[in-house]
Amino acid sequence: MKLALCTISYRHHLRSFNDLIDFASEERFDAIDIWGVHAEHLRMEEVDRLNSSHLNVSMLSHYLNLNASMSELLAETKRLSRLATRIGTERIRIFAGNEASHTLSDAKWDQLVYRLKGICRVLDPAGQRLLLEFHPNTATDTVAATIRLLQAINHPACRINFDVLHVIESKADPVEAYFRLAAYVDHLHLKTVANAEQFSVFEPANVYAASGSREGMVPLFEGIVDYHRFFEDVSGHLDHLTASLEWFGPDPDERLRSDRSLITQALERVPVLSK
């Protein structure tokens with residue numbers, strides 16, 4: 001499994017992209033997961049510098065307004081496709097709307113499926129894939145809803161960004177959920193909280209705000225997700241994937257450096273016979 005640094009970890013820090021390339025290289029990351037806002041403002045010299053490094057771009061993490069008109073949605077999809085091509089990635093991550101799956105009427109469900117199919121048809125000829133994030137208050141907020149949506153879309157360019165913490169938030173076992181969704185999983189997001197009463201710290205209105213609370217955000221192996229068990233139980237099924245360390249708290253350099261090292265150690269301790 002390859003490990004990626006998320007540039008969104010530096011959304012409230014004054015840091016040049018070239019510095020992030022140097023840091024990721026020095027700390028032996030394999031890739032960079034680039035937040036859409038950052039990708040849009042990269043200079044050509046920075047893109048060239050990235051291309052000349054050993055780092056891959058694991059994913060363009062962005063958003064699409066699925067309530068826009070179809071013409072606007074497809075135009076924005078084409079723009080994101082060009083941006084993904086520019087930074088050298090095949091994956092574009094979005095959220096499957098902003099309504100919980102159980103609240104969607106049949107009409108809204110059908111409209112969502114139709115629009116996501118349209119996005120896939122734009123991306124597929126460019127060799128790109130649409131990744132829907134497993135996330136609360138979206139159409140992919142439970143394992144059953146996610147499978148239902150993917151089967152309805154029925155397009156090879158539609159995959160899943162498997163966020164381990166959000167899977168637990170949905171009250172699913174992450175290992176069981178992974179194997180139920182394995183055919184669709186194309187990327188992982190790794191993060192955690194100190195206890196189950198602190199999931200709300202990752203609600204968009206809080207986590208993206210400079211003044212938002214960071215209480216409950218803890219190092220990867222100190223929270224409620226048993227990543228040792230997760231990596232051991234799904235070992236042998238992660239080799240083709242990239243996992244992004246999605247840290248939103250303070251001192252991202254130290255946290256990303258430490259968690260990357262601990263993940264590597266955890267993966268090295270997985271018994272060979274379990275693979």
Can a donor-acceptor pair be found between the side chains of [X] and [Y] at a distance below 3.5 Å?
X	Y	value
Ser170	Asp141	no
Glu72	Ser69	yes
His38	Thr7	yes
His135	Asp163	no
Tyr10	Asp19	no

For the residue pair Phe162 and His189, is the inter-centroid distance of their aromatic rings smaller than 6.0 Å? no
Looking at [X], I'd like to know if its [atom1] atom is crowded, meaning that more than 12 non-hydrogen atoms belonging to other residues, nucleotides or ligands lie closer than 6.0 Å.
X	atom1	result
Tyr114	OH	no
Arg28	CZ	no
His41	NE2	no
Glu254	CD	yes

Once side-chain hydrogen bond (donor to acceptor under 3.5 Å, both in side chains) is applied, do any residues pair with [X], and if so which ones, sequence neighbours excluded?
X	result
Ser261	Gln265
Arg159	none
Arg229	Asp173, Asp233

Candidate pair Glu203 and Ser200, rule side chain to side chain donor-acceptor pair (under 3.5 Å), full reasoning: CA-CA 5 Å; Glu203 290 179 357; Ser200 62; 5.0 Å; no
Considering only heavy atoms from C-beta outward, does the side chain of Trp247 approach that of Ile8 to under 4.5 Å? no
Side chain to side chain, Phe95 and Leu64, heavy atoms closer than 4.5 Å: no
Is the backbone N or O of Arg91 less than 3.5 Å from a side-chain atom of Thr89, with the two atoms forming a donor-acceptor pair by type?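 Answer holds: yes.
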Do Arg11 side-chain atoms and Phe248 backbone N/O form a donor-acceptor pair below 3.5 Å? yes
Quick one: do [X] and [Y] make a salt bridge, cutoff under 4.0 Å?
X	Y	value
Asp259	Arg255	yes
Arg129	Asp124	no
Glu40	Arg86	no

Once you measure the plane-to-plane angle for Phe221 and Phe231, does it fall in the parallel (<30°), tilted (30-60°) or perpendicular (>60°) bin?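 Tilted, since the angle between the ring planes falls between 30° and 60°.
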With a distance cut-off below 6.0 Å to the six-membered ring centre and an angular limit of 45° from the axis, does Arg93 pair with Trp35 as a cation-pi contact? no
